[in-house]
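Data first, discussion second: the structure below is written as structure tokens.
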Amino acid sequence: MVLRTPSVTDNVFQSLNRWATQQDENFVTDSFAYLLRLLVRNDRAAAATILQKLTGGCFDISLQTLAQVQIETQVATDHGYPDIRITCAGHCALVEVKVESPPDQSQLARYRKALDECGVQKTCLVLLTRYPAELDPTLALPDHKVRWLQIADWLQSENGQQIDSPISRFMTEQFVTFLQQRGMAVRQLQPDLAPGI
């Protein structure tokens, strides 16, 4: 039996991304939201950890309340269409996703207003970017900034610990590989390589 190295077309996200002409950022956003919803359904401990890290601790929720989590994309508000909205038991987080484009602080200001008007106790505005975000401190700022390489690291870490469902494990591996193929994450070093480097 000859084993072959997986190619780009062996990745479900990379294969489907070919059809996302001029919608690349939306495709990446929806793919990430899909994976989060899958983890919420199948691997709650991992989902709770990822959501807590994504929101900078705002979503410190129990495994029982995790069943109430709603993860939606492009939800209409009076102040625009945030890329991802995550709600659960008195919590609401809006995630503005950037792949190549720089952050727009006027957009962040509008989403801050949407959070102020949503009527829940705990709110969080998250900026998720590929590159480090340089923001003007005199304008609207997110509560938490995250980069795609951190998302990949968290997913890889959870895949080795708390993700038990075979479907979730496969989709997590596929999404992390997709981010790596796009240069949005780096491959983890094997433990025995680190001392040599």
Side-chain angles (χ1 to χ4, degrees), residues 4-56 59 61 63 66-67 69-75 82-88 93-101 103 124 126-133 142 144-191:
R4 63 185 180 84
T5 304
S7 71
V8 168
T9 56
D10 291 330
N11 185 286
V12 65
F13 294 105
Q14 193 69 38
S15 293
L16 292 173
N17 189 235
R18 295 179 303 150
W19 303 103
T21 307
Q22 298 179 343
Q23 295 293 319
D24 182 57
E25 197 167 89
N26 290 337
F27 176 83
V28 175
T29 298
D30 278 317
S31 297
F32 180 51
Y34 167 81
L35 183 59
L36 288 176
R37 287 190 295 265
L38 184 68
L39 293 175
V40 166
R41 276 194 313 271
N42 296 339
D43 297 276
R44 289 190 178 164
T49 301
I50 298 294
L51 289 175
Q52 183 177 17
K53 289 178 178 180
L54 177 64
T55 60
F59 267 60
I61 53 179
L63 296 183
L66 199 61
V69 166
Q70 297 281 320
I71 300 169
E72 305 163 287
T73 58
Q74 302 296 323
V75 175
D83 291 314
I84 300 174
R85 180 174 72 180
I86 306 168
T87 55
C88 174
L94 298 181
V95 183
E96 178 56 21
V97 176
K98 297 297 179 187
V99 173
E100 292 295 337
S101 60
C124 183
V126 179
L127 178 61
L128 173 56
T129 61
R130 177 177 184 162
Y131 305 106
H144 192 53
K145 292 189 291 188
V146 179
R147 292 183 55 204
W148 282 109
L149 58 90
Q150 292 173 284
I151 297 292
D153 285 346
W154 300 337
L155 289 169
Q156 284 179 311
S157 176
E158 293 307 307
N159 214 15
Q161 297 176 26
Q162 299 189 74
I163 299 177
D164 296 322
S165 159
I167 294 171
S168 297
R169 289 182 75 85
F170 174 77
M171 294 307 289
T172 298
E173 289 168 9
Q174 289 280 293
F175 188 70
V176 168
T177 301
F178 170 66
L179 293 178
Q180 291 168 343
Q181 289 170 341
R182 298 280 308 269
M184 295 165 67
V186 293
R187 296 191 197 309
Q188 286 187 340
L189 294 175
Q190 298 299 326

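We use all heavy atoms of the structure for the numbers below, so side chains are in, but hydrogens, waters and symmetry mates are not.
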How close do Gln162 and Ala45 get, counting heavy atoms only, and between which atoms? OE1-CB, 2.7 Å
When rounded to the nearest 0.5 angstrom, what is the spacing between OG1 in Thr129 and CD in Gln150? 8.5 Å
Any pair counted as salt bridge (Lys or Arg N to Asp or Glu O under 4.0 Å), so long as it reaches residues 174-184, sequence neighbours left out: Asp24-Arg182
Under 3.5 Å donor-acceptor, Arg44 side chain and Leu66 backbone: no
Which residues share a side-chain contact (heavy atoms from CB on, under 4.5 Å) with Asn42, sequence neighbours left out: Leu38, Ser165, Ser168
Determine whether a donor-acceptor pair (N or O, by modelled atom type, separation under 3.5 Å) exists between the side chain of His144 and the backbone of Lys53. yes
Taking C-beta and beyond as the side chain, do Ser101 and Glu25 meet within less than 4.5 Å on heavy atoms? yes
Exercise: identify the closest heavy-atom pair between Glu158 and Ile50: CG-CD1, 3.8 Å
Could you tell me the separation between the OG1 atom of Thr49 and the CG atom of Leu39, rounded to the nearest 0.5 Å? 10.0 Å
Does any N or O in the side chain of Gln180 come within less than 3.5 Å of the main-chain N or O of Ala185, such that one atom is a donor and the other an acceptor? no
Pairs flagged by ring-ring contact (aromatic ring centres under 6.0 Å, His included) wherever residues 35-55 is involved - sequence neighbours left out: none
All heavy atoms of Trp148 vs all of Lys98, minimum pair found to be NE1-O, 3.2 Å
Once side-chain contact (heavy atoms from CB on, under 4.5 Å) is applied, do any residues pair with Arg169, and if so which ones, sequence neighbours excluded? Asn159, Ile163
Ile151 versus Leu128: any side-chain heavy-atom pair under 4.5 Å? yes
Under the side-chain contact (heavy atoms from CB on, under 4.5 Å) rule, collect the residues that match up with Thr73, sequence neighbours excluded. Thr29, Asp30, Ala33, Ile84
What are the two closest heavy atoms between Ala93 and Thr55, and how far apart are they? CB-CG2, 3.9 Å
Counterpart residues, salt bridge (Lys or Arg N to Asp or Glu O under 4.0 Å), relative to Glu100 (two or more places apart): Arg130
Going by heavy atoms in the side chains, are Asp43 and Asp164 under 4.5 Å from each other? yes
Shortest non-hydrogen contact from Val126 toward Pro142: C-CB, 4.4 Å
Please check if the side chain of Gln14 supplies one atom and the backbone of Asn11 the other of a donor-acceptor pair under 3.5 Å. no
Rounded to the nearest 0.5 Å, what's the gap from CG on Leu36 to OG on Ser31? Could you check? 11.0 Å
Ring-plane angle category for Phe178 and Phe13, please: parallel below 30°, perpendicular beyond 60°, tilted otherwise. tilted
Check whether any side-chain heavy atom of Arg147 lies under 4.5 Å from a side-chain heavy atom of Pro132, and answer yes or no. yes
Considering all heavy atoms, the nearest Trp154-Val146 contact: CH2-CG1, 3.7 Å
Judged by atom type as modelled, is there a donor-acceptor pair below 3.5 Å linking the side chain of Gln52 to the main-chain atoms of Phe59? no
Atom pair CD1 (Ile86) and CG (Leu94), whose distance is rounded to the nearest 0.5 Å: 9.0 Å
With Val176 as reference, evaluate Gln181, Met184, Met171, Gln156 under the side-chain contact (heavy atoms from CB on, under 4.5 Å) test and give the passing residue. Gln156
